[in-house]
Amino acid sequence: MLDATLLAGQVFNGFSVASLFVLAALGLALSFGLMRVINMAHGEMLMLGGYLAYLTYLVVPGPLAILVAMPVAFLGAALLGAVLELTVIRKLAARPLDTLLATWGVSLILQQAARSIFGPIGVGVTAPDWLNTGFLLAGVYIPSTRLFILAVAVVVLAVLGLVIARTRLGLLVRAVNQDRMMAAASGINVRRVDLAVFCLGTGIAGLAGVVLSLLGPVTPSVGQSYIVPAFLVVVMGGLGSMVGTTVAAIILGLVSAISQIFLDVSMSQVLMLLSVIVFLQFRPQGVVATRSRALEE
Amino acid sequence: METLLKMEAVTAAYGQSQVLWDIDLDIHKGGAVALIGRNGVGKTTLLRTIMGVQKAASGVIRFNGADVTAQKPHERARGGIGFVPQGRHVFAHLSVEENLTTGLSALAGRGRGLIGQGVPDHIFDLFPKLAQIRHRKAGVLSGGEQQQLAIGRALAGQPKLLLLDEPTEGIQPNVVQQIEEALRRVRTELGVTIVIVEQYLDFAWSFADEYCVLMRGRMIRRGTTAQDSAADVAHLVNV
């Protein structure tokens with residue numbers, strides 16, 4: 001039985017799933033767009049964000065702990081991103097396949113580290129009371145946590161969009177993105193721009209980790225369950241485009257949520273994968289093509 | 001005369017194939033040197049090696065008294081080398097003004113606040129057209145406008161040495177004249193030393209005071225445009 005309220009509820013859920021996808025995928029898209037690097041340890045930045053949220057709750061309990069946890073997780077994940085970029089990715093700059101393997105290794109190390117420190121069973125973060133409510137909107141129950149997640153994603157996208165479009169750093173990022181050789185020859189320290197973007201991306205993944213902790217336990221492998229949809233979003237979005245990433249996240253979020261009206265969770269995953277495959281058959285360049293041939297020459 | 005750029009036994013290679021052999025070159029401050037030669041003899045590679053976007057396989061490059069052989073392109077740009085590559089390489093999705101602003105990056109470390117002052121007026125003075133189209137995306141400009149933008153962007157970094165790779169290629173004659181005029185002013189008013197790769201000997205002779213002929217990756221002849229005539233070297237350049 002399909003009624004309008006159920007559908008509306010799932011559409012709303014779809015948007016909140018899309019919010020998580022976009023937060024998880026933005027960092028991947030940014031660093032792939034700029035450096036053509038695929039960071040397999042990106043999921044562990046979410047995990048780190050989740051554990052940092054947990055630790056923040058231990059240190060500063062209270063209703064506003066989540067608001068403290070967000071900058072903590074952002075900075076923590078950005079810092080780990082900086083270490084990863086400087087020690088691994090930079091050294092393998094011209095070897096994409098080796099980067100893939102090396103960051104996968106880092107991912108395993110980080111998961112095991114989390115297992116050793118926090119144990120194999122997940123730790124829980126309880127949402128503060130002001131998020132543990134919800135309200136009815138036109139007959140649809142809207143849980144506050146999901147609205148909060150949506151708000152975080154919208155704010156992150158807006159801030160990131162402003163940074164890229166309006167700041168000096170954003171201008172340098174766009175220049176390096178378009179023509180790395182010429183950017184360097186114009187005096188731009190391209191490696192430093194790479195580092196800044198990579199840290200920004202892992203920082204956003206850290207934020208995603210905090211948001212995740214509101215929905216379920218933080219486990220050592222929590223990043224793994226989000227990294228696959230995040231990769232799907234990046235590929236479908238057009239490899240490195242912010243707008244494309246957002247649109248793809250919304251499409252996949254909606255597909256996943258709406259299909260769950262009819263299907264169980266694993267079948268809806270299958271449907272999501274299939275829809276990406278079908279989509280790429282018809283539009284292999286993704287939602288937004290980052291490089292158009294007309295502009296190459 | 002004071003030497004600005006000095007190359008000693010510089011070689012360069014793409015993978016296994018060597019493109020430049022034992023290049024010795026010194027360029028004095030205030031000079032204008034034309035690099036000439038047939039297609040594929042290494043003129044572009046030589047410019048790229050000076051800029052550092054192509055690594056020298058061996059040899060030493062000294063610029064403004066310092067050994068820059070190991071420096072990255074952005075360090076050389078900040079040291080005072082400006083680059084206008086073949087094909088112009090404007091940032092197609094950035095506006096004219098944004099393109100010029102990226103050029104200010106070369107001022108990093110050269111005095112506080114230089115970057116914050118924005119694009120200097122003398123660039124719009126040299127290329128008035130750029131002021132009119134400052135908000136348009138570089139990708140939609142004509143070849144001549146893009147060329148002026150590429151030169152303007154390099155000048156925004158206040159270079160001591162400007163490297164130009166065929167700035168007149170594929171540009172209509174009246175615009176070529178404007179660019180030539182602007183380049184003369186860059187030399188005389190801004191005191192910028194210029195190295196230019198040029199196919200057309202007429203342009204090379206009217207603009208440069210020295211010429212270097214490259215053949216198969218080697219520098220085979222060098223002289224002044226005052227002493228030798230273009231006809232003397234034409235057989236080394238034309239097919």
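Every chain is numbered from 1 and lettered A, B, ... according to where its sequence line falls, protein lines coming before strand lines.
- Atom CZ in B:R78 sits 9.0 Å away from atom CD1 in A:I188 (nearest 0.5 Å).
- No more than 12 heavy-atom neighbours from other residues, nucleotides or ligands sit within 6.0 angstrom of OH on B:Y200.
- Interface summary for chain A: among B:L163, B:V90, B:V53, B:N99, the most heavy-atom pairs under 4.5 angstrom belong to B:V53.
- Smallest separation of non-hydrogen atoms from B:L94 and A:Q178: CD2-NE2, 3.6 Å.
- By the 4.5 Å heavy-atom criterion applied to side chains, A:R174 and B:H93 are not counted as neighbours.
- When the shell of 6.0 Å around NZ of B:K72 is examined, it contains 12 or fewer heavy atoms from other residues, nucleotides or ligands.
- When all heavy atoms of A:S186 and B:S105 are compared, the closest pair comes out as O-CB, 3.8 Å.
- For CG of B:D121, the number of neighbouring non-hydrogen atoms (other residues, nucleotides, ligands) closer than 6.0 Å is 12 at most.
- The distance from the CE atom of A:M182 to the CZ atom of B:F91 is 6.0 Å, given to the nearest 0.5 Å.
- In this structure, the side chains of B:E75 and A:N189 stay at 4.5 Å or more apart for every pair of heavy atoms.
- Only the side chain of B:R48 comes within less than 4.5 Å of a heavy atom in chain A; its backbone stays farther off.
- Between the CG atom in B:L104 and the CZ atom in A:R168 there is a gap of 7.0 Å [rounded to 0.5 Å].
- Contact between A:A185 and B:P73 at its shortest, heavy atoms only, is N-CB, 4.3 Å.
- The two residues B:H74 and A:G187 have their closest heavy-atom pair at CB-C, 3.7 Å.
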